[in-house]
Amino acid sequence: MARAEDFFLEEVLTLRLQEHIVELGESRRLLEAEKDAARKKLDELRTKCRETERAIAENREKRMQNYERYVLGGGSFDADADKGKRLAEFLKELKGQLRAAEDEVLRLEKEAGYEVFGVKKLTPELMDEYFEEIVVRAEDDVEIAWKK
């Protein structure tokens with residue numbers, strides 16, 4: 001379980017990092033990187049949706065061909081309806097993810113109009129990139145050495 005002191009320290013470091021990023025003028029670069037990642041995810045989800053829709057159509061066509069053969073006396077009919085249901089459920093899940101990704105890209109596009117870039121969460125990658133050293137002397141005395 002996280003201690004209150006840990007939460008306080010993370011909040012202080014996140015705030016200081018936000019200020020430092022704005023001072024460096026890197027807010028736009030970081031926001032663009034975040035937008036690029038969100039757009040890439042959106043494109044990947046769109047591609048998966050198209051592929052799944054194509055697979056559903058192919059499955060439907062295969063089922064029709066099997067049915068026509070069956071009607072003409074060409075053996076048994078294997079509807080493979082389960083595969084169609086699984087594909088439809090998967091497509092529904094993908095479309096939910098796609099809507100969320102579209103909302104995220106839209107949010108980031110709107111955020112581009114703001115001057116301040118808000119670091120939402122302190123990640124190990126951000127810490128490696130920006131922090132040289134963090135010294136905590138007391139509960140309210142935190143000294144940060146920034147990487148150059």
Show your working on side-chain contact (heavy atoms from CB on, under 4.5 Å) between Lys35 and Val105 and close with a plain yes or no.
CA-CA 6 Å; Lys35 283 178 8 184; Val105 169; over 6 Å; no
Before giving the answer on side-chain contact (heavy atoms from CB on, under 4.5 Å), spell out for Glu102 and Arg46 the whole-Å C-alpha distance, their side-chain angles and the decisive distance to 0.1 Å.
CA-CA 10 Å; Glu102 288 170 338; Arg46 284 181 177 152; 3.8 Å; yes
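With sequence neighbours excluded, the residues satisfying side-chain hydrogen bond (donor to acceptor under 3.5 Å, both in side chains) with Glu61 are Gln65. Applying the side-chain hydrogen bond (donor to acceptor under 3.5 Å, both in side chains) test to Glu143 and every residue at least two apart in sequence or in another chain returns Arg137. Residues satisfying the side-chain hydrogen bond (donor to acceptor under 3.5 Å, both in side chains) test with Arg39, not counting sequence neighbours, are Asp36, Glu109.
Between Glu104 and Arg107 the shortest side-chain heavy-atom distance falls below 4.5 Å.
Glu58 CD to Glu53 CD: the interatomic distance, rounded to the nearest 0.5 Å, is 12.5 Å. Interatomic distance, Arg63 CZ to Lys83 NZ, rounded to the nearest 0.5 Å: 11.0 Å. If you take CD on Glu51 and CD1 on Ile56, they are separated by 12.5 Å, rounding to the nearest 0.5 Å. The line from CG of Leu42 to CG of Leu98 is 6.0 Å long, rounded to the nearest 0.5 Å. Going from atom CZ of Arg86 over to atom CG of Asn59 covers 8.5 Å, rounded to the nearest 0.5 Å. Note that CZ of Arg99 and CG of Leu45 are 11.5 Å apart. Values are rounded to the nearest 0.5 Å.
When the side chains of ILVMFWY residues are joined at heavy-atom separations under 4.5 Å, either directly or via intervening members, Tyr130 and Leu13 end up in a single hydrophobic cluster.
Separation of the Phe131 and Trp146 ring centroids falls under the 6.0 Å cut-off.
When every heavy atom of Cys49 is checked against every heavy atom of Leu94, the shortest pair comes out as SG-CB, 3.7 Å.
Side chains of Arg69 and Asn66: a donor-acceptor N/O pair is present below 3.5 angstrom, by distance only.
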